[in-house]
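Values below: every heavy atom of this structure, side chains too, minus hydrogens, waters and symmetry copies.
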Amino acid sequence: MADFNVDIAKLPEEIREKLAELDLELSEDHKPQKKLKNKIKTLMKFLLVMVLTVVR
C-alpha cells in the first residue's frame, strides 16, 4: 500500500472518527479480515465522494 503524507487534523471530524475506529479495530484484531476489508472499502468510497464533491 502507498504511504501518504496527510495531515489528519485537516480532515473533517467525521472522517477522523471513522479512521480512529478503524485503527482501533485493526490494532485489536477482533474482527474477521473480510469485515475489516469491507469497512475499509466503505470508508474509501466515502472519502472518494468527498474529494470529488470538493473538486467540482
Original post:
Are any of the side-chain heavy atoms of M44 and K41 separated by less than 4.5 Å?
Top reply: no
Original post:
Just how far is it from atom CD of E14 to atom CG of L43, taken to the nearest 0.5 Å?
Top reply: 9.5 Å
**OP:** Look up atom CG in L22 and atom CG in L19, then write down how far apart they are to the nearest 0.5 Å.
**Re:** 7.0 Å
Original post:
Heavy atoms, side chains only, cut-off 4.5 Å: are T53 and V49 in contact?
Top reply: yes
